[in-house]
Visitor: 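First the structure, then my questions, so here it is.
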Amino acid sequence: MRFHMLGAVEVGLGDDTRLSPGSPKQAAVLAALLLDAGRPLSTETLVDRVWGEQAHDRAHRTLHTYVTRIRRLLEQAGVGVLVRRGGGYLLQVDRDEVDMHLFRRLVDRASRTDIEDPDRVVLLGRALALWRGEPLAGVPGEWASRVRTTWQGYRTDVVVAQAQAYLRLGDPTVMVTPLTQLLDEHPLVEPLAATLIQVLHAAGRPAEALSRYADTRRRLIEELGVEPGAHLRAVHQQILRDDADDPAVVAVPALLPLDVHGFTGRGAELRRLDAALAGADEQPTSVVIAAVTGTAGVGKTALAVHWGHSVRHRFPDGQLYINLRGFDPVGATLRPVDALRGFLEALEVGPQQIPVGLEARSGRFRSLLADRRMLIVLDNASTADQVRPLLPGSPGSFVVITSRNTLPGLIAVEGAQSIELDLPSTSDARGMLMRRIDPARSAAAPEAVDRIVSACARLPLALSIAAARAATRPEHSLHLLAGQLVDARSGLDAFAFAAIDPVSDVRAVFSWSYRALSPAAARLFRRLGLPTGPDVTVPAAASLAGLPVPAVRAPLEELADAHLLTEYRPGRYAHHDLLRVYAAERAEAEDSPAERAAALDRLLDHYLHTAIAADRQLHPHREPVAAPPPAEGATVIALPDRRTALAWYAAEHQALLGALDQAANTGRDVFVWHLAWAMATYVDLQGHWADWARIQGSALDATTRLGDRAGQAFAHRSLGLALAQLGAHDQALKHLGDALTEYGDLGDRAGQAHTHNSLARVHGKQNRPGDALVETQAASRLFGEVGQHVNQARALNNVGWYHAMLGAYEDALACCIEALKIHQRVDDGYGEANTWDSIGYVHHCLNDHPQAVTSYHRAIDLWREVGDRYNEADTLTRLGDTYLAADDRPAALAVWEQALSILTDLDHPDQPKVRAKLRGG
């Protein structure tokens with residue numbers, strides 16, 4: 001090996017001596033040349049890679065000096081030739097003498113379908129042996145940092161591939177140490193964790209495997225606020241079933257919240273649920289529904305969840321649970337279309353496969369539940385219309401609905417069995433309380449127990465809070481606690497609940513427990529009454545409190561221990577809605593308007609600036625929005641890569657919508673449109689187009705109130721694109737026309753260019769390539785005039801694509817080649833990959849199959865470099881078409897297999913198309 005980049009950048013001599021290229025900047029020049037060895041690099045590209053935004057007037061002269069020194073170094077080592085070529089430089093070396101290029105060649109060879117696993121592990125081992133440390137160690141700058149990140153990802157992929165090969169060979173033990181070391185370095189990389197878990201289990205170490213899963217899940221929740229992805233969960237399920245040899249794992253969701261500790265009583269209601277389940281066997285052609293109704297805090301959810309856990313073995317296909325928030329005092333009721341999205345995601349339907357409309361989602365849900373036995377708990381429903389789309393359409397599943405309303409329509413039309421839950425008897429209430437308190441303690445003070453039960457008005461929610469207080473104050477007698485609770489009832493008339501007569505005294509219980517909190521926990525409790533979203537994560541709670549994340553864990557645990565907050569899933573906390581009302585009222589009574597506004601600002605900044613960071617991973621070349629800096633005390637989550645950004649967006653989707661609505665309702669219009677800007681990429685990529693339209697509609701209203709014409713123009717343009725995705729092309733064109741007018745009046749040519757590109761996208765959807773060509777040509781011209789070369793090149797590539805759609809292949813090729821030059825000059829790997837793909841397609845249409853194959857391979861290499869797996873699969877699919885057209889069927893099958901493997905990992909809807917090619921190819 002003569003050139004080392006997988007570690008410090010060095011030049012090797014024949015006697016194993018290694019020469020340093022000199023200063024860090026000089027090493028960066030050599031690294032930039034080596035990465036594109038055999039291809040000329042323009043001076044502008046080299047300057048950009050080495051100096052980036054810090055480029056100065058003397059950079060070109062300094063570059064020439066560095067090149068001269070590197071040329072002398074190569075002459076001393078007797079390797080390579082560095083020559084001037086077309087306004088840049090070309091390093092001519094044998095690519096196998098560069099460790100990065102040899103690494104890629106070995107890995108590509110190992111990935112071929114005709115390679116047997118024994119040879120595969122050898123090839124991958126040779127590739128990994130080339131690593132000597134951090135790639136480009138010591139080389140400064142943003143470009144070098146991006147290269148390091150990309151190549152660390154390659155290394156992870158290769159270690160995973162090698163481990164999978166050893167698993168197939170039945171020799172997993174050899175991979176335990178390298179996988180463990182690598183996962184310790186990158187603990188949030190789920191494919192790495194999943195593979196280590198499989199290896200540990202196959203090596204006969206299942207306890208370690210389960211421990212590693214628990215540790216990874218904890219880290220994901222604590223650091224990112226997300227649950228493990230589908231693949232990692234599937235591996236975990238396989239181990240639990242001791243069925244690791246079966247790769248086909250059906251999604252078996254288990255969404256029931258934790259069972260209620262110390263649940264007691266309700267024998268009659270539990271028997272009625274048992275009878276309803278038994279009756280389901282006698283009605284094999286219908287879905288059986290039980291509707292549990294009663295007042296707030298009476299224990300409907302506790303009953304449904306407790307019973308669900310007791311019969312879960314009757315439902316081998318899993319349990320679904322969702323809080324429909326039908327009576328949420330400050331947040332929005334959950335729409336059926338959003339509830340269905342949550343269910344489909346739990347059933348591991350990929351985001352791009354989830355339909356847009358309510359009827360389509362309901363139909364997909366019912367199709368998935370056909371022939372399955374599942375328990376479905378629809379908690380806190382408001383009306384029959386809210387739950388009807390969530391009901392399965394075939395027998396086998398059982399539905400439990402809880403509601404404060406009696407739901408007569410559901411009983412009359414769908415035949416739901418009504419189970420009305422009243423306040424428990426005094427005896428049952430005493431049992432609920434005593435079950436959660438030390439038996440000897442309660443037996444020694446029966447009168448105190450009766451006083452507590454009376455003060456709690458026999459309401460189960462109040463009883464659970466009182467029991468928690470007693471359990472956490474073992475040094476206090478129950479007589480003392482009962483006296484404190486009775487005293488707390490005085491002076492609370494201002495907090496009486498309207499229209500909830502049986503529980504008017506529950507505020508006394510809340511007050512009693514609230515006053516016992518530490519100052520930090522009490523302050524956090526008040527803050528948690530401010531947000532309108534369905535729940536909060538630890539970082540969101542830290543932002544509300546204005547504390548670092550580690551400092552907020554103790555008050556969160558204190559609130560959960562006192563039953564004033566529920567950790568319904570690890571790392572995610574929610575209030576009972578009565579407690580949320582009380583928290584909000586305590587905040588209004590005890591905190592100044594300025595304190596409440598500051599807490600809300602910190603929370604909104606947490607969502608906004610984390611969303612902006614996530615968007616930067618999804619769309620790195622996007623022009624940034626000029627958002628104000630986050631308020632002091634707001635926690636902004638660092639998202640290291642595209643996968644974690646997508647996971648964060650998916651987990652916080654509903655919270656982000658709630659934050660946007662709350663900002664709009666409180667006059668925070670700047671936040672509204674900035675968050676709408678930040679969410680646009682995600683909702684487009686994931687197909688949440690109805691949400692996209694709603695978000696941008698809010699942004700348009702906000703920017704109109706602000707008189708912000710630039711913001712209005714963006715909102716019109718983004719709303720137009722959302723409507724186009726929903727098929728409302730006429731409305732889309734109107735909004736895009738308004739955006740074009742606004743940008744024209746503002747003299748914003750870049751905005752005009754983006755809008756022309758958007759118009760081209762709509763015309764393309766309408767199968768009007770001629771109109772699309774005109775628009776994207778205008779976009780390309782304007783981007784060039786304002787110096788946005790990345791966007792200009794992308795628009796030029798679109799020009800080439802629409803020329804190809806119109807059969808003008810020579811014009812298409814000319815445009816794509818011009819775009820390619822710009823991409824290479826500004827080092828836009830994503831755009832270059834896209835353009836090589838277009839060039840490949842044009843050559844395919846011209847029947848120049850060898851050139852098409854070469855172009856597609858260039859695109860695939862670059863897709864891998866930027867980490868875009870879907871587009872890699874898309875190009876592999878077209879490459880297979882070219883191989884087939886060139887009568888090379890084995891090569892076509894091989895690349896289609898690679899494409900299908902990626903699409904399967906992504907759960908992408910293009911899978912059937914590629915499978916059809918494999919069957920018919």
Visitor: Which pair of non-hydrogen atoms, one from Q164 and one from Q198, has the smallest distance, and what is that distance?
Guide: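 Here Q164 and Q198 meet closest at NE2-OE1, 2.9 Å.
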Visitor: Does CZ in R126 sit with more than 12 non-hydrogen atoms of other residues, nucleotides or ligands closer than 6.0 Å?
Guide: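 Not buried by this count: 12 neighbours or fewer within 6.0 Å.
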Visitor: Under 4.5 Å between any side-chain heavy atoms of L368 and L344, yes or no?
Guide: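 Yes; the side chains approach each other to less than 4.5 Å.
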Visitor: Can you name the side-chain hydrogen bond (donor to acceptor under 3.5 Å, both in side chains) partners of H843, sequence neighbours left out?
Guide: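 Scan of H843 (side-chain hydrogen bond (donor to acceptor under 3.5 Å, both in side chains), adjacent residues dropped) gives none.
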Visitor: My understanding is that only one of L167, L128, V174 makes a side chain to side chain contact (heavy atoms under 4.5 Å, CB included) with Q162; could you say which?
Guide: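 Only one option passes, and that is L128.
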Visitor: Should D881 and K917 count as an ion pair when the cut-off is N to O under 4.0 Å?
Guide: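 Salt bridge present between D881 and K917.
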Visitor: So, the side chain of R148 versus the backbone of V139: is there a donor-acceptor pair under 3.5 Å, distance only?
Guide: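 It does hold such a pair.
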Visitor: Could you go through V11 and I70, starting from their C-alpha distance and side-chain angles, then the distance that decides it, and tell me whether this counts as side-chain contact (heavy atoms from CB on, under 4.5 Å)?
Guide: CA-CA 10 Å; V11 180; I70 291 171; over 6 Å; no
Visitor: Spell out, as yes or no, whether a donor-acceptor pair under 3.5 Å connects the side chain of R18 to the backbone of E10.
Guide: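 A pair under 3.5 Å: no.
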Visitor: For V9 and L136: C-alpha separation, side-chain torsions, deciding distance, then whether side-chain contact (heavy atoms from CB on, under 4.5 Å) applies.
Guide: CA-CA 6 Å; V9 178; L136 275 59; 4.2 Å; yes
Visitor: Could you tell me if the side chain of L46 sits less than 4.5 Å from the side chain of L33, heavy atoms only?
Guide: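 L33 reaches L46 side chain to side chain.
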Visitor: Thinking salt bridges, do E142 and R146 make one under a 4.0 Å N-O criterion?
Guide: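 Judged by the 4.0 Å cut-off on N to carboxylate O distance, E142 and R146 do form a salt bridge.
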Visitor: Nearest heavy-atom pair of A194 and V235: which atoms, and what distance?
Guide: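 Smallest interatomic distance, heavy atoms only, reads O-CG1, 3.8 Å.
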Visitor: Once rounded to the nearest 0.5 Å, what's the spacing between atom CG of L41 and atom CG of D36?
Guide: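 Answer rounded to 0.5 Å: 4.5 Å.
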Visitor: Which atoms form the tightest heavy-atom contact between V189 and L183, and what is the distance?
Guide: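 Where V189 meets L183 most closely, the heavy atoms are O-CD1, 4.0 Å.
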Visitor: Given Q319 and L255, is the side-chain contact (heavy atoms from CB on, under 4.5 Å) satisfied, shown in steps?
Guide: CA-CA 6 Å; Q319 312 92 43; L255 301 188; 5.9 Å; no
Visitor: Roughly how far, to the nearest 0.5 Å, is CG of L192 from OG1 of T180?
Guide: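 If we round to the nearest 0.5 Å, T180:OG1 and L192:CG are 9.0 Å apart.
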Visitor: For A28, is there any backbone N or O sitting under 3.5 Å from a side-chain donor or acceptor partner on R49?
Guide: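 A pair under 3.5 Å: no.
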Visitor: Between OG1 of T195 and CG of D157, what distance do you get to the nearest 0.5 Å?
Guide: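 Interatomic distance, T195 OG1 to D157 CG, rounded to 0.5 Å: 10.0 Å.
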Visitor: Is it true that D117 and R120 have a side-chain N and a carboxylate O under 4.0 angstrom from each other?
Guide: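 The answer is yes: the pair qualifies as a salt bridge.
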Visitor: Indicate the atoms forming the closest heavy-atom contact of V790 with H823, along with that distance.
Guide: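 In terms of heavy atoms, the two residues are closest at O-CE1, 4.1 Å.
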Visitor: Please identify each residue that fulfils side-chain hydrogen bond (donor to acceptor under 3.5 Å, both in side chains) with D171, with sequence neighbours left out.
Guide: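 Partners of D171 under the side-chain hydrogen bond (donor to acceptor under 3.5 Å, both in side chains) test: none.
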Visitor: Can you sort out the partners of E223 under side-chain contact (heavy atoms from CB on, under 4.5 Å), two or more places apart, ordered by chain and number?
Guide: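 Residues passing side-chain contact (heavy atoms from CB on, under 4.5 Å) with E223: L188, R219.
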Visitor: For N847, enumerate each residue passing the side-chain hydrogen bond (donor to acceptor under 3.5 Å, both in side chains) test, keeping only those at least two apart in sequence or located in another chain.
Guide: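 Partners of N847 by the side-chain hydrogen bond (donor to acceptor under 3.5 Å, both in side chains) criterion come out as none, since no residue qualifies.
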Visitor: Minimum heavy-atom separation for G800 and A812, please, with both atom names.
Guide: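 Between these two residues, the closest heavy atoms are O-CB, 3.1 Å.
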Visitor: Heavy atoms only: give me the nearest P135-Q152 pair and the separation to one decimal.
Guide: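 Closest pair (atom of P135, atom of Q152, distance): CD-NE2, 3.6 Å.
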Visitor: Inspect the surroundings of CZ in R825 and state if more than 12 heavy atoms from other residues, nucleotides or ligands are less than 6.0 Å away.
Guide: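 Counting neighbours around CZ of R825, more than 12 heavy atoms of other residues, nucleotides or ligands fall under 6.0 Å, so yes.
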Visitor: May I ask you to check whether W896 and Y883 place their ring centers less than 6.0 Å from one another?
Guide: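 No - the distance between ring centres of W896 and Y883 does not fall below the 6.0 Å cut-off.
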Visitor: Give a yes or no on whether the backbone of L639 and the side-chain of Q617 come within a donor-acceptor separation of less than 3.5 Å.
Guide: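 Side chain of Q617 to backbone of L639: a pair is present.
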Visitor: Can you list the residues that meet the side-chain contact (heavy atoms from CB on, under 4.5 Å) rule with S367, with sequence neighbours excluded?
Guide: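 Per chain and number, S367 pairs via side-chain contact (heavy atoms from CB on, under 4.5 Å) with no residue.
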Visitor: Would you call the rings of Y154 and W151 parallel, tilted or perpendicular if under 30° counts as parallel and over 60° as perpendicular?
Guide: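 If you compare the ring of Y154 with that of W151, the planes turn out perpendicular.
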Visitor: Residues two or more places apart in sequence or in another chain: which of them pass side-chain contact (heavy atoms from CB on, under 4.5 Å) with D837?
Guide: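 Per chain and number, D837 pairs via side-chain contact (heavy atoms from CB on, under 4.5 Å) with Y856, A859, T875, R878.
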Visitor: Does a side-chain N-to-carboxylate-O contact under 4.0 Å join D184 and R212?
Guide: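 Salt bridge flag = yes for R212 with D184.
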Visitor: We want to know whether D48 and T45 form a side-chain donor-acceptor pair, criterion being a heavy-atom distance below 3.5 angstrom.
Guide: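 Note: D48 and T45 side chains miss the donor-acceptor criterion.
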Visitor: Using 30° and 60° as the class limits, which term best fits the ring planes of Y213 and H236: parallel, tilted or perpendicular?
Guide: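 Parallel.
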Visitor: Counting only N and O atoms by type, is there a donor-acceptor contact under 3.5 Å from the side chain of D641 to the main-chain atoms of T644?
Guide: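 Looks like yes, one N/O pair under 3.5 Å.
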Visitor: Go through the steps for N834 and W863 under the test side-chain contact (heavy atoms from CB on, under 4.5 Å), then give the verdict.
Guide: CA-CA 8 Å; N834 209 18; W863 288 134; 4.0 Å; yes
Visitor: From R168 CZ over to E116 CD, what is the distance, rounded to the nearest 0.5 angstrom?
Guide: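 Spacing of CZ (R168) from CD (E116) equals 10.5 Å.
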Visitor: What distance do E872 atom CD and D861 atom CG have between them, rounded to the nearest 0.5 Å?
Guide: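 Reported value, rounded in 0.5 Å steps: 9.0 Å.
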